[in-house]
Amino acid sequence: DTGVSQNPRHKITKRGQNVTFRCDPISEHNRLYWYRQTLGQGPEFLTYFQNEAQLEKSRLLSDRFSAERPKGSFSTLEIQRTEQGDSAMYLCASSLANEAFFGQGTRLTVV
Amino acid sequence: QKEVEQDPGPLSVPEGAIVSLNCTYSNSAFQYFMWYRQYSRKGPELLMYTYSSGNKEDGRFTAQVDKSSKYISLFIRDSQPSDSATYLCAMRAGYGNKLVFGAGTILRVKS
């Protein structure tokens, strides 16, 4: 058990470009969550998978955002046509029971 | 009004002090309560998990939940400089549901 792994750790992109982040959950964890955190705030829920099914999406998740979890293992979060307001830490968490364990996050900077 | 309120601090204490961190919430459906510690530019690390009301102790940490008052606390005994971090409370209504976070309290323990 190596914990939740997120890649890349840092991403700098130009406004209008597309970016994709990857999350590898703790093995056998069937639930996977994506959160976004901006400076001075707690993480905000974006979306949630149980196995490969995307069960809930936040209103924060505009149509420029898409998430997948093929085969119920790793997950990807894609942001299309990035905007400066997308600059944030994107966190992934996985869970088997009640506790949720987070990865180190991907810090996105849109310039 | 946010579902979970948490004083952002910063809270500054001398080494060895007892620290009290608190959150209030408005959603009476919340049943699962967690405390996370987050160091700068890192992902949140799960410290304590509590179900429903009551106390839970783990080493220097004690978590308390008072559902009648919609109030949760984390106590840290014999605080150390290494405890300096942001402490996030989080809670969920049901099994597997999304976590709702407070904004986090910045703690500084001075040696």
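Throughout, protein chains are lettered first and strands after them, A, B, ... in sequence-line order, and every chain is numbered starting at 1.
No single ILVMFWY cluster, assembled from side-chain heavy atoms under 4.5 Å apart, contains both B:Met91 and B:Tyr32. Taking hydrophobic clusters as Ile, Leu, Val, Met, Phe, Trp and Tyr residues chained together by side-chain heavy-atom distances below 4.5 Å, A:Phe65 does not share a cluster with A:Tyr33. The hydrophobic cluster containing A:Val19 also contains A:Trp34, counting ILVMFWY residues as joined when their side-chain heavy atoms lie under 4.5 angstrom apart, directly or transitively. By the criterion of side-chain heavy atoms lying less than 4.5 angstrom apart, applied directly or through intervening Ile, Leu, Val, Met, Phe, Trp or Tyr residues, A:Val4 is grouped together with B:Leu46 in one hydrophobic cluster.
Contact of A:Glu56 with chain B is made through the side chain alone, with heavy-atom distances under 4.5 Å. Proximity to chain A (any heavy atom under 4.5 Å) is shown, for B:Gln6, by neither the backbone nor the side chain. In this structure, chain A has no heavy atom under 4.5 Å from any part of B:Tyr51. At a 4.5 Å heavy-atom cutoff, the contact between B:Leu88 and chain A is made by side-chain atoms alone.
In B:Arg60, the CZ atom is crowded: over 12 heavy atoms of neighbouring residues, nucleotides or ligands sit closer than 6.0 Å. Remark: A:Arg64 CZ is packed, more than 12 non-hydrogen atoms of other residues, nucleotides or ligands lying under 6.0 Å away. Annotation: A:Glu68, atom CD; neighbour count of heavy atoms from other residues, nucleotides and ligands within 6.0 Å does not exceed 12. Crowding of A:Lys57 atom NZ: a count of heavy atoms from other residues, nucleotides or ligands under 6.0 Å not exceeding 12. More than 12 heavy atoms of other residues, nucleotides or ligands lie within 6.0 Å of CG in A:Leu60, so this atom counts as buried by the packing criterion.
Interface remark: of the candidates B:Gly104, B:Pro44, B:Cys89, B:Ala90, B:Pro44 forms the most heavy-atom pairs closer than 4.5 Å to chain A. By number of non-hydrogen pairs under 4.5 angstrom with chain B, the leading residue of A:Gly40, A:Gly105, A:Pro43 is A:Pro43. Of the listed residues A:Gln6, A:Arg9, A:Glu44, A:Gln41, the one with more heavy-atom pairs under 4.5 angstrom with chain B than any other is A:Gln41.
Annotation: the span from B:Arg41 atom CZ to A:Gln104 atom CD amounts to 13.0 Å, rounded to 0.5 Å. Going from atom CZ of A:Phe45 over to atom CZ of B:Arg92 covers 10.5 Å, rounded to the nearest 0.5 Å. Atom OG of A:Ser95 and atom NZ of B:Lys98 lie 15.5 Å apart (nearest 0.5 Å).
Minimum interatomic distance between B:Leu99 and A:Ala100 (heavy atoms only, all atoms of both residues): CD1-CB, 3.9 Å.
A donor-acceptor pair is defined here as one N or O able to donate and one able to accept, closer than 3.5 Å; no such pair exists between the side chain of A:Arg31 and the backbone of B:Asn97.
For B:Phe101 and A:Tyr35, the ring centers are positioned less than 6.0 Å apart.
In this model, a donor atom of one side chain and an acceptor atom of the other lie less than 3.5 Å apart for B:Tyr49 and A:Asn98.
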